[in-house]
Amino acid sequence: MKDLRYPIGEFEWEGELTEDVLASWLHELEQLPANLREAVTGLSEEQLDTPYRDGGWTIRQVVHHVADSHINAYTRFKLALTKETPVIKPYAEDKWASLPDSQMAVEVSLQLLDSLHARLVSLLRSLSQEQLNKTFVHPESGSIALKRNIGIYAWHGKHHLAHITSLCNRKGWK
């Protein structure tokens with residue numbers, strides 16, 4: 001693996017959102033909590049506090065970051081569905097990852113992700129084509145359609161899961 005920051009590459013998707021693409025992304029979002037749980041099951045506290053790369057977050061911080069990020073995503077989806085092209089607030093991921101709650105047991109965020117993803121996937125599966133085309137504005141990234149954002153967060157979950165699994169593989173932990 002050449003770039004430990006992007007073990008599965010960066011998010012790429014262009015074109016139409018087919019039913020198959022959407023179903024695949026929603027399946028990935030639905031499975032993420034269980035996949036994260038499986039990836040960290042059996043790891044010691046020392047292993048959970050190991051960075052996935054030099055200068056990177058620990059496995060513990062990665063799990064908590066996914067929860068932080070996907071809470072923000074859920075809110076952004078709901079804002080775009082209930083307001084006309086809202087401008088969303090970005091957040092300082094690195095600063096959030098250094099707050100004391102990112103040192104808690106990973107089980108706290110795993111439980112949160114179980115419930116959050118149940119609601120998120122239920123909401124996203126209910127969207128019409130018109131709703132999938134709704135947008136929000138990210139101050140740094142510009143206008144983002146909800147259909148693209150589904151793909152971004154499906155990728156985001158796999159991206160961070162790969163941080164954990166690739167570290168475990170490199171270390172021979174599993």
Side-chain angles (χ1 to χ4, degrees), residues 1 3-13 22 24-80 88-125 136 138 140-141 144 146 148-171 173-174:
M1 181 181 319
D3 188 347
L4 296 178
R5 293 174 304 159
Y6 294 97
I8 64 167
E10 296 189 49
F11 175 70
E12 293 181 19
W13 176 73
L22 181 60
S24 173
W25 286 346
L26 292 173
H27 180 73
E28 289 168 8
L29 285 169
E30 186 174 49
Q31 294 303 307
L32 179 64
N35 291 341
L36 275 174
R37 182 179 303 283
E38 181 180 334
V40 300
T41 295
L43 295 180
S44 69
E45 293 298 308
E46 182 180 347
Q47 290 168 327
L48 289 170
D49 290 328
T50 302
Y52 73 89
R53 68 175 173 86
D54 287 341
W57 291 334
T58 66
I59 291 174
R60 183 184 312 275
Q61 286 173 305
V62 168
V63 172
H64 292 306
H65 162 73
V66 172
D68 289 341
S69 177
H70 290 210
I71 288 170
N72 275 283
Y74 181 67
T75 301
R76 291 168 181 177
F77 280 111
K78 291 191 90 161
L79 285 170
I88 57 96
K89 289 187 176 276
Y91 69 102
E93 296 174 357
D94 287 346
K95 290 181 180 178
W96 282 41
S98 68
L99 292 172
D101 64 329
S102 289
Q103 297 306 310
M104 295 179 72
V106 293
E107 183 60 29
V108 173
S109 283
L110 293 171
Q111 287 179 15
L112 189 155
L113 285 164
D114 285 337
S115 298
L116 177 64
H117 276 239
R119 289 192 62 183
L120 176 62
V121 172
S122 175
L123 173 67
L124 297 177
R125 282 196 171 125
F136 61 83
H138 188 290
E140 297 160 4
S141 305
I144 300 174
L146 295 190
R148 181 174 184 82
N149 208 42
I150 295 170
I152 289 169
Y153 279 91
W155 169 86
H156 184 260
K158 288 191 313 185
H159 164 73
H160 286 301
L161 178 62
H163 283 149
I164 296 167
T165 58
S166 65
L167 174 64
C168 289
N169 288 336
R170 289 192 316 272
K171 298 279 191 180
W173 291 343
K174 289 196 171 204

Does [X] reach the side chain of [Y], with side-chain heavy atoms less than 4.5 Å apart?
{"X": "V40", "Y": "E107", "answer": "no"}
{"X": "V108", "Y": "L112", "answer": "no"}
{"X": "L43", "Y": "C168", "answer": "yes"}

Backbone of [Y] reached by a side-chain donor or acceptor of [X] within 3.5 Å:
{"X": "H64", "Y": "M104", "value": "yes"}
{"X": "S122", "Y": "R119", "value": "no"}
{"X": "S98", "Y": "K95", "value": "yes"}
{"X": "R148", "Y": "W13", "value": "yes"}
{"X": "H163", "Y": "R5", "value": "yes"}

query: Got a sec, which residues hit side chain to side chain donor-acceptor pair (under 3.5 Å) with E45, two or more places apart in sequence or on another chain?
result: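 Checked E45 against side chain to side chain donor-acceptor pair (under 3.5 Å); matches are R60.
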- request: Check step by step if side-chain hydrogen bond (donor to acceptor under 3.5 Å, both in side chains) holds for T41 and R37.
  value: CA-CA 6 Å; T41 295; R37 182 179 303 283; over 6 Å; no
- request: Evaluate side-chain contact (heavy atoms from CB on, under 4.5 Å) for W96 paired with D101, printing each intermediate quantity in order.
  value: CA-CA 9 Å; W96 282 41; D101 64 329; over 6 Å; no
message: For E38, I'd like to know if atom CD has over 12 heavy atoms of other residues, nucleotides or ligands within 6.0 Å.
response: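 No - once you tally the heavy atoms of other residues, nucleotides and ligands closer than 6.0 Å, there are 12 at most.
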query: Near R125 CZ, under 6.0 Å, is it more than 12 heavy atoms from other residues, nucleotides or ligands?
result: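 Yes.
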- request: Check the pair H156 / H65 against side-chain contact (heavy atoms from CB on, under 4.5 Å), numbers first and verdict last.
  value: CA-CA 11 Å; H156 184 260; H65 162 73; 3.1 Å; yes
I need the [X] [atom1] to [Y] [atom2] distance, nearest 0.5 Å.
{"X": "I59", "Y": "L167", "atom1": "CD1", "atom2": "CG", "result": "4.5 Å"}
{"X": "Q61", "Y": "S102", "atom1": "CD", "atom2": "OG", "result": "6.0 Å"}
{"X": "R170", "Y": "L4", "atom1": "CZ", "atom2": "CG", "result": "4.5 Å"}
{"X": "R53", "Y": "D3", "atom1": "CZ", "atom2": "CG", "result": "8.0 Å"}
{"X": "N149", "Y": "F136", "atom1": "CG", "atom2": "CZ", "result": "4.0 Å"}
{"X": "I8", "Y": "W155", "atom1": "CD1", "atom2": "CH2", "result": "6.5 Å"}

How close do [X] and [Y] get, counting heavy atoms only, and between which atoms?
{"X": "P33", "Y": "L113", "answer": "CG-O, 3.4 Å"}
{"X": "A39", "Y": "L161", "answer": "CB-CD1, 3.7 Å"}
{"X": "A67", "Y": "L116", "answer": "O-CD2, 4.4 Å"}
{"X": "T58", "Y": "L48", "answer": "CB-O, 3.5 Å"}

side-chain contact (heavy atoms from CB on, under 4.5 Å) between H70 and L32, intermediate numbers included: CA-CA 11 Å; H70 290 210; L32 179 64; 3.6 Å; yes
field: Candidate pair L124 and Y153, rule side-chain contact (heavy atoms from CB on, under 4.5 Å), full reasoning
entry: CA-CA 12 Å; L124 297 177; Y153 279 91; over 6 Å; no
